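Note on naming: letters A, B, ... go to the chains in the order of the sequence lines (proteins, then strands), and numbering restarts at 1 for each one. Fair warning: this is a prediction, and the values are worked out from it, not measured in the lab. Both backbone and side-chain heavy atoms feed into the values below; hydrogens, waters and symmetry mates do not.
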2 protein chains.
Amino acid sequence: MNDAEQTRQNILTAAADEIHQHGFKATSLSVILNRCEISKGALYHHFTSKIELGYAVFEEIYTPMFLDLWQSALSVEDPVEGLCTFFTSMTEQMSCSEVVCGCPLNNLCEEMANVDEGFRLRILSMQEQLNQLIVDALEQINDDLRDGLALSQVSYFIVATLNGATTLSKSSRNKELFQQVIAELCLYIRALKK
Amino acid sequence: MNDAEQTRQNILTAAADEIHQHGFKATSLSVILNRCEISKGALYHHFTSKIELGYAVFEEIYTPMFLDLWQSALSVEDPVEGLCTFFTSMTEQMSCSEVVCGCPLNNLCEEMANVDEGFRLRILSMQEQLNQLIVDALEQINDDLRDGLALSQVSYFIVATLNGATTLSKSSRNKELFQQVIAELCLYIRALKK
DNA sequence: CTTGCAACATACCATGCGGTCGGTTATTAT
DNA sequence: ATAATAACCGACCGCATGGTATGTTGCAAG
């Protein structure tokens, strides 16, 4: 990686962290500049505007990190158990910043979906990708599942609950509530089986 | 209500709407002043700062509106069915602004819980009140429910899912996803019974 | 009638923001 | 070697923000 690409990556990772911590609007470009020890000219050489930087963070940092996580959780023999262990390990490995700051994508959705169409469409696309991921995984064990399940609906339900759980843990500022919701979610997921 | 109290109420309702639409930080005091056709002096006569205005909106507008809604949904013979009809009617009566802007309390939680302790504690307190409301209602039909249910956990699960559903509908900008999650949630709730 | 305070109005301030622009250095192609 | 361009610097700009200080009006008690 040459120097230019390196500074671009530095900007992206710093911006990703700042946006995660403070949201997009409240993220100050000057803070990013300080963290990267670069000038404003450097930033605007790589990104045409703040919002384009935001899009790049979304597409190049958040999205792959997110989808890879879910993909690996679902790429097991039994995706139902895969999801449950995924969720449970989240409650254990959850760092303090994640308890406090929540999921970056969920945050961005809350903040920007109804304000900026570019963000909204990106979020929407990602949610559909994620939903497809889950549906595909569940369909592979369709024979073990109860009859009459609306798998897409089930998938959205799971994701919605998970997002709601992170939001809940943000206000309570402890893992306990999150763990409770996750425990109940695992009960629900396992009950999908016959 | 005298004139002073009337202007105070005007400020509160205008602020509540603006905060609902744009979030707390992005809400501009000058917009509120224009909507109410008052001066900045008037606002700062009634509220010492922007954040105190935010607290007042939370306590005097959002909280009672919210708790009353849930209370009336749960104050029926069968709270399980009460919740289901409550949720279902939400999907039908949901105005465009609610689809786009989401739940005011959920929004505030997302935006302010990890930034301002005053907001966080107020949100937390309200969530605990709401949880107690649901738990109390479910306990009254405990005999009809399955054994071994952790009612507090169940209650948090329901609230988390509902919040996640509104967030989902924000990014998709249509009711369909919301309705799907709600439909699945109703299945879950009804399955709490024996 | 006047005194006093509540209920406003208006002008102003410091600050931080995203963004621009002319200039400079480093790299690369010819 | 030189020309061209990428990569970067840093001063500056307009603007909107939350907040303050001073001034004005109107009502109500004494």
Do the charged groups of [X] and [Y] touch, with an N to O distance under 4.0 Å?
{"X": "A:K193", "Y": "A:D78", "answer": "yes"}
{"X": "B:D17", "Y": "B:R35", "answer": "yes"}
{"X": "B:E60", "Y": "B:R8", "answer": "yes"}

Notebook entry, point to check: Could you run down nucleotides 6-15 of chain C 5' to 3' and tag each one B, S or - for protein heavy-atom contact under 4.0 Å?
Noted result: SBSBB-----
Check: Does a sphere of radius 6.0 Å around CD in A:E176 hold more than 12 heavy atoms from other residues, nucleotides or ligands, not counting ones at 6.0 Å or beyond?
Finding: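 It does not: A:E176 CD has 12 such atoms or fewer within range.
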Item checked: Geometric class of the B:F86/B:W70 ring pair [parallel <30°, tilted 30-60°, perpendicular >60°] -> perpendicular
[N] [atom2] sits how many Å from [X] [atom1], rounded?
{"X": "B:L33", "N": "D:dA16", "atom1": "CG", "atom2": "P", "result": "15 Å"}
{"X": "A:H22", "N": "C:dG16", "atom1": "NE2", "atom2": "P", "result": "15 Å"}
{"X": "A:L43", "N": "D:dA7", "atom1": "CG", "atom2": "P", "result": "14 Å"}
{"X": "A:I51", "N": "C:dC17", "atom1": "CD1", "atom2": "C1'", "result": "15 Å"}
{"X": "A:N34", "N": "D:dC9", "atom1": "CG", "atom2": "C1'", "result": "14 Å"}
{"X": "A:F47", "N": "C:dT20", "atom1": "CZ", "atom2": "P", "result": "16 Å"}
{"X": "A:I32", "N": "C:dC17", "atom1": "CD1", "atom2": "C1'", "result": "13 Å"}

Checklist line | Side chains of A:D136 and A:Q140, donor plus acceptor under 3.5 Å | finding: no
Notebook entry, point to check: Just checking B:T27: base, sugar-phosphate only, or nothing, at a heavy-atom cut-off of under 4.0 Å?
Noted result: sugar-phosphate
Notebook entry, point to check: C:dG16 phosphate, OP1 or OP2: any side-chain N/O from A:S28 under 4.0 angstrom?
Noted result: no
